[in-house]
Amino acid sequence: MSDEKSKKDRTEGPKKSTVVVVTVSIVAALLAAFIGGLLLDPSAHHFHAAISEVVERYSVDLPQLDMAEWNVNNYVSGLFESSRRIFESRDFQVGRELAAKGYKPKHPVILLPGLVTTGLESWTTTEEDESFFRQRLWGTSSMFRAIMTDKKKWIRQMTLDPVTGLDGKGIRVRAAEGLDAASYFAAGYWVWNRIIQNLAAVGYDLDMMYLASYDWRLSMSNLEERDHYFSKLKDRFEQNLRIHGAKSVLVTHSMGGTVGYYFLKWVENNAGADWVDKHVEALTLVASTMLGVPKSMAALMTGEMRETVDVPDALERVLEMFLGADERAPLFRSWAGSASLIPKGGETIWGNLTWAPDDFPGTNRTFGSFFDYKTENATESMDLTKSIDWLLEHAPETYRNMLASNYSFGFERDPRKIARNNKDQTKWTNPLETSLPNAPNMKIFCIYGYGLPTERGYYMRHNDQPEQTHRHSRIDTSVVSDEGAYNVTAGCKDGDGDGTVTLVSLGGMCTGGWKQRRYNPGNSPLTVHEILHEPDALDLRGGEKTGQHVDILGSRDVNEAIVKIATGNGDDVGDLFVSPIREYSSRINW
Ligand SMILES: *[C@@H]1O[C@H](CO)[C@@H](O)[C@H](O)[C@H]1NC(C)=O
Ligand SMILES: *[C@@H]1O[C@H](CO)[C@@H](O)[C@H](O)[C@H]1NC(C)=O
Ligand SMILES: *[C@@H]1O[C@H](CO)[C@@H](O)[C@H](O)[C@H]1NC(C)=O
Ligand SMILES: *[C@@H]1O[C@H](CO)[C@@H](O)[C@H](O)[C@H]1NC(C)=O
Ligand SMILES: *[C@@H]1O[C@H](CO)[C@@H](O)[C@H](O)[C@H]1NC(C)=O
């Protein structure tokens, strides 16, 4: 299929006039494509080509199903079944092995999920929208069903008010609760389930394990404002200490790391300087977005839904096909929470037009040039700092106000200013403008994958369709090479990382930033455990040695590390380096 056609498929979505039967087969094809995405290398930027191929293939061949009979759940789990059976025996393996060696529960465990992997459910009771009451609008197959049956209703409920950042009038959408909120994203697609299984195998149950789900659409301050999220999280740590007589281990994934860091700052300000040292045994950052994700910038610049970083690209594509660009852009701009992923540290971390700390040796191109606009005869480049300025100038006013009042992306060396920032919630998602609480006994673990091409910069073109004024530019997917300096796939420059988060963001704080006293005043001990991405070709999710951003939650090393840390054997985890992170980190002027 030609590139042109696949682009068309991505942007147009199913036509309104299509009869139900055809719609169903398209939907089935999209789901098949969603699953297909898991079969392929999830990092493949060529995904939209692949998905269009699947659509083309299936929309003709699929049996014509009746909407009522068609059960998404069965369909999806059926596709996963064969692979599941092969690997079922491995599910509890790590936990069983460690249990046999005498590992027992010691510290209560609090799991903090990442962006978009937490389910959201409707609590809206208005007549118009009551049909979704207590159904998942995000996560599980009921999400797909909701989008399919009534897209407008779904969008209305999922969109936040751009001024308050809270639910629209009459709407209530809340994070699902309990372990089920993020054990699985959809049937067969596990997120935290492996970790829960392995903790259970050494003796954990609901008494000592808690999943701190949150509405990831909200800005951090609104999480407290609306849901009392941080107050409740604090209570949970205190309750654990009171009941079990032990400090808790906080295990975060992806954006959960950023939320976890904000929590430490919030609780320091609300419960005193020594609270963290008294209540938190370990901060375990799995595939953490600590310094931000370049992908999120691309999302904000283009209005594409690319910032959904925790689920496979395939889900993004499915959403992109269902929702037109005009529907997507306002929807996700209203999700203030995702702005916590904007890269932090400016030029010091992300480079300038001549240099970046993570440039590959022997090339004369730099990742520091974040966005390149290629025109006929010249290339106009923007570094990260300039792109953020640009965004602040061009985004809608409500979004600019939200950014300015909730987030900060700079770099600060002056200890007096850091001390002042420690009291300013605007700065609490940025570990380079604030310091960790003084917690000499809190162990910090950075655990992440390495070895997947990861979006680090973009080739862009200005939007040439004047009617789409809300979208200023697009990724120029026609650019596929850069004279060998680095690999370019469909307009994205590939850097190092876990397929979603770049290496410097994953490991920078643990190898450089928090070695500075000004960011880590208590000298909290740091452990870096990298996992080389060596996926098992037979396993849809990469198996025991995957380093991929989400699949890593099922990898042996991560499960072993978490069980060891929880059972009080964190010292056994140990440093392990397989990437050039120490070299990159040494080039950063921390
Ligand atoms: C954060 O942004 C929201 C809009 O999403 C706004 O209502 C709120 O006032 C901001 N928080 C602070 C502390 O200014
Ligand atoms: C880019 O950063 C490097 C290293 O900090 C510096 O030597 C160089 O002068 C900077 N270039 C520009 C154009 O600012
Ligand atoms: C450096 O840039 C020049 C011109 O842009 C190009 O011809 C050359 O191949 C580049 N060298 C490397 C090592 O990429
Ligand atoms: C690009 O360069 C060519 C040849 O030098 C010239 O004819 C053309 O007008 C230029 N295009 C632009 C947009 O400047
Ligand atoms: C570029 O891609 C090729 C082929 O996929 C791979 O072997 C190579 O390691 C990549 N180079 C870099 C610098 O990522």
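None of the values given here were measured: they were computed from a predicted structure. One-based numbering, in listed order, for ligands and for the atoms of each.
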Nearest-contact summary for [atom] - protein heavy atom, Å:
atom	result
atom 2 (O) of ligand 2	Asn352 ND2, 2.3 Å
atom 9 (O) of ligand 1	Ser405 OG, 4.7 Å
atom 13 (C) of ligand 5	Phe360 CE1, 3.7 Å
atom 3 (C) of ligand 5	Asn487 ND2, 3.5 Å
atom 4 (C) of ligand 2	Trp355 CE3, 3.7 Å
atom 1 (C) of ligand 1	Asn406 ND2, 1.7 Å

Does a side-chain N-to-carboxylate-O contact under 4.0 Å join [X] and [Y]?
X	Y	result
Asp129	Arg156	yes
Arg456	Asp496	no
Asp372	Arg365	no
Arg541	Asp551	yes
Arg226	Asp167	yes

Atoms in ligand 1 flagged as close to [X], the criterion being non-hydrogen separation under 4.0 Å:
X	answer
Gly165	4 (C), 5 (O)
Met402	2 (O), 4 (C), 5 (O)
Val163	4 (C), 7 (O)
Asn222	3 (C), 5 (O)
Gln425	12 (C), 13 (C)

(message) Would you say the rings of Phe360 and Phe367 are close, in the sense that their centroids are separated by under 6.0 Å?
(response) yes
(message) Does ligand 2 come near enough to Thr354 that some N or O of the ligand is less than 3.5 Å from an N or O of the residue?
(response) yes
(message) Within the protein, is there a heavy atom lying under 4.0 Å from atom 11 (N) of ligand 5?
(response) yes
(request) Check whether any protein heavy atom sits under 4.0 Å from atom 7 (O) of ligand 1. (result) yes
(request) Just say parallel, tilted or perpendicular for the rings of Phe370 and Trp350, cut-offs at 30° and 60°. (result) perpendicular
(message) Check the orientation of Trp514 and Tyr261. Use parallel for under 30°, tilted for 30 to 60°, and perpendicular for over 60°.
(response) parallel
(message) Working note: Val259 + Met220, criterion side-chain contact (heavy atoms from CB on, under 4.5 Å); need CA distance, chi angles, decisive distance, verdict.
(response) CA-CA 7 Å; Val259 177; Met220 305 296 129; 4.0 Å; yes
(request) Please state whether Leu160 comes within less than 4.0 angstrom of ligand 1, counting heavy atoms only. (result) no
(request) Could you establish whether Leu353 and ligand 2 come within less than 4.0 Å of each other, counting only heavy atoms on the residue side? (result) no
(message) To the nearest 0.5 Å, what is the distance between NZ on Lys417 and NZ on Lys427?
(response) 9.5 Å
